[in-house]
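A quick write-up on the structure given underneath.
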Amino acid sequence: MQCEKYKLLQTVNQSLTLQVAEGDKENKELSTKIISLTAKCDKSNEENKQLMSTISLLHKEIECQDAKVTEQNKMLISLQEQLHLLELRLLPNKPDVLNTSYTSTATNTELVTPSQSNIPSTSTARTVQQPTGKIQTRQERLDAIRVTQPNKNLIFGSSLVKGLNSRRLDNKNNTSVRTLSGANIKDMSTYIERCPSSSRVENIIYLIGSNNVSAHMDLVQCECDLINLINITKHKFPKSKIQFIELLPRNYKSFNVYVRGLRSMMANTCQRLNCILIKTLNQFIYNDSSVKRYLYDDLTHLNNKGTATLARVIKHALNLPIWNNTLYGSEVSKLPTPYQTFQFPDVRHPPPLLSLPMPPLPFHFTT
């Protein structure tokens, strides 16, 4: 019996040793697989890092190329304006140049001959007038704007602020308004550089950026121009509080779609550089985000009611007294005024006429 038990134990031991050896082999195979998989993961992580670095470099190159393209477009537009001025100067003196006329745009340039155009070439010399010096480029028009003198409150903007009256905003004559029609953020920076420095200015309000959107300018370039404008303003007017009015909507959808990116960029930049963003969007749209068209004169500019709405927003930002600007006609005379009706103390109201100056004459009847 003991011999049989010994033989059984030997067989069991041999089978167990075989199973352990097979388990060791499987463990070694699994460990080799794990090592190979970890090596592959490390390689993939390195490849992902390289891909992310190349993607960031490509983004930077794209931004640089966009900035170069915008600069080239500006140069092309300025060259076209110079070409137009040269044509106006040369056409009256050289009739042989009239054989061809050039029309160019920012994207393509086409040669238009007199046979293709409806206007004959002989009448062109009569229609073109000698330049009188009044033809100005866009930059010349902006440079010709008179520099604003320092005041307590300064308001700068594009053509949207042309309806604002500084005397009606502030009857103490402490507020000045300057309109730069067609100006973008960079044009505003060049104008502020021309203004004299002063520590008297307390509040500066800007309404600028709509022309950047209508010109489809790069958002990165717009952010750089906005930061430059804020830095120039802080250098020129060190004690002023800089405020930006939120960009107003327009009467067409394409602008209102593109303006969202510039609005968010201006909000982030103002928060980062300690500037104030005045919320005005709710004053010009309904709850369903549709534009209040009764406030606009056309697709872009404000009418009298829209200007009055904008004036109320600015007065609230400057802590100025707000009158009821919705009164018209004879009701305007009922508004309180800071000026006295009679400025001379000797002037008195005439006494009321209670009786006739002399009694009536008697009537005599004769028979």
The test is side chain to side chain contact (heavy atoms under 4.5 Å, CB included); show your working for Leu247 and Met266 and say whether it passes.
CA-CA 9 Å; Leu247 293 178; Met266 291 181 71; 4.0 Å; yes
Does the side chain to side chain contact (heavy atoms under 4.5 Å, CB included) test come out yes or no for Val161 and Thr307, once each step is laid out?
CA-CA 8 Å; Val161 301; Thr307 303; over 6 Å; no
Going through the checks in order, is the side chain to side chain contact (heavy atoms under 4.5 Å, CB included) test met by Lys241 and Ile276?
CA-CA 8 Å; Lys241 182 172 66 174; Ile276 298 174; 3.5 Å; yes
Check the pair Cys195 / Lys236 against side chain to side chain contact (heavy atoms under 4.5 Å, CB included), numbers first and verdict last.
CA-CA 8 Å; Cys195 296; Lys236 287 284 185 178; 5.5 Å; no
Show the numbers, then the answer: is there a side-chain hydrogen bond (donor to acceptor under 3.5 Å, both in side chains) between Asp288 and Ser290?
CA-CA 6 Å; Asp288 58 351; Ser290 60; 2.7 Å; yes
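Lys292 forms a cation-pi arrangement with Tyr286, by the criterion of a distance under 6.0 Å to the ring centre and an angle within 45° of the ring axis.
Minimum heavy-atom separation, Gly209 to Ile185: CA-CG1, 4.1 Å. For the residue pair Phe244 and Cys270, the shortest heavy atom distance occurs at CD1-SG, 3.7 Å. Between Gly157 and Met188, the shortest heavy-atom distance links the atoms N-CE, 3.9 Å. When all heavy atoms of Arg200 and Pro150 are compared, the pair lying nearest together is NH1-O, 3.3 Å. Heavy atoms only, all atoms of each residue included: Ser176 and Thr148 are closest at CB-CG2, 4.2 Å. Residues Ala183 and Ile208 approach most closely at O-CD1, 3.5 Å, considering heavy atoms.
Between Leu273 and Ile227 there is a side-chain heavy-atom pair separated by less than 4.5 Å. The shortest side-chain heavy-atom distance between Leu295 and Phe284 falls under the 4.5 Å cut-off. Using a 4.5 Å heavy-atom threshold, the side chains of Thr70 and Met217 count as separate. Using a 4.5 Å heavy-atom threshold, the side chains of His235 and Asn231 count as separate. Put simply, the side chain of Val201 does not reach to within 4.5 Å of the side chain of Lys239, judged on heavy atoms. The shortest distance between side-chain heavy atoms of Asn203 and Ser240 does not fall below 4.5 Å. Contact check for Ile62 versus Gln65: no side-chain heavy atoms found under the 4.5 Å cut-off. Side-chain contact between Gln221 and Asp225 is present, with at least one heavy-atom pair separated by less than 4.5 Å.
Checked against side-chain contact (heavy atoms from CB on, under 4.5 Å), Asp170 has the following partners two or more places apart in sequence or in another chain: Asn153, Lys172, Asn174, Thr175, Leu320. Scanning for side-chain contact (heavy atoms from CB on, under 4.5 Å) contacts around Ile145 gives Leu142, Arg178, Leu180, Tyr191, with sequence neighbours left out.
Residues Leu310 and Leu299 do not share a hydrophobic cluster, defined by chaining ILVMFWY side chains whose heavy atoms lie under 4.5 Å apart. Ile278 and Val259 sit in two unconnected hydrophobic clusters of ILVMFWY residues. Membership requires side-chain heavy atoms under 4.5 Å apart, directly or through other members. No path of Ile, Leu, Val, Met, Phe, Trp and Tyr side chains, each step under 4.5 Å between heavy atoms, connects Phe156 with Leu164, placing them in separate hydrophobic clusters. Leu154 and Ile314 end up in different hydrophobic clusters when Ile, Leu, Val, Met, Phe, Trp and Tyr side chains are linked at under 4.5 Å. Two different hydrophobic clusters hold Ile204 and Val177 under the rule that ILVMFWY side chains link at heavy-atom gaps under 4.5 Å.
Cluster partners of Val220 are absent, since no Ile, Leu, Val, Met, Phe, Trp or Tyr has side-chain heavy atoms less than 4.5 Å from it.
Residue pairs meeting the side chain to side chain donor-acceptor pair (under 3.5 Å) criterion with at least one member in residues 266-278, sequence neighbours excluded, are Glu223-Arg272. The list of side chain to side chain donor-acceptor pair (under 3.5 Å) pairs with a residue in residues 206-216, not counting sequence neighbours, reads Tyr206-Thr233. Here side chain to side chain donor-acceptor pair (under 3.5 Å) pairs that include residues 250-267, with residues two or more places apart or in two chains, are Arg250-Tyr252.
Expressed to the nearest 0.5 Å, how far CG of Asp24 lies from CD of Glu22 amounts to 10.0 Å. Atom OG of Ser197 and atom CZ of Phe237 lie 7.0 Å apart (nearest 0.5 Å). Between the NZ atom of Lys28 and the NZ atom of Lys25 there is a distance of 9.0 Å, given to the nearest 0.5 Å. Between atom SG of residue Cys222 and atom CE of residue Met265 there is a gap of 5.5 Å, rounded to the nearest 0.5 Å.
Using a distance-only test at 3.5 Å, with no hydrogens or angles considered, no donor-acceptor pair links the side chain of Ser289 to the main chain of Ile285. The backbone N or O of Thr280 lies less than 3.5 Å from a partner atom in the side chain of Glu246, making a donor-acceptor pair.
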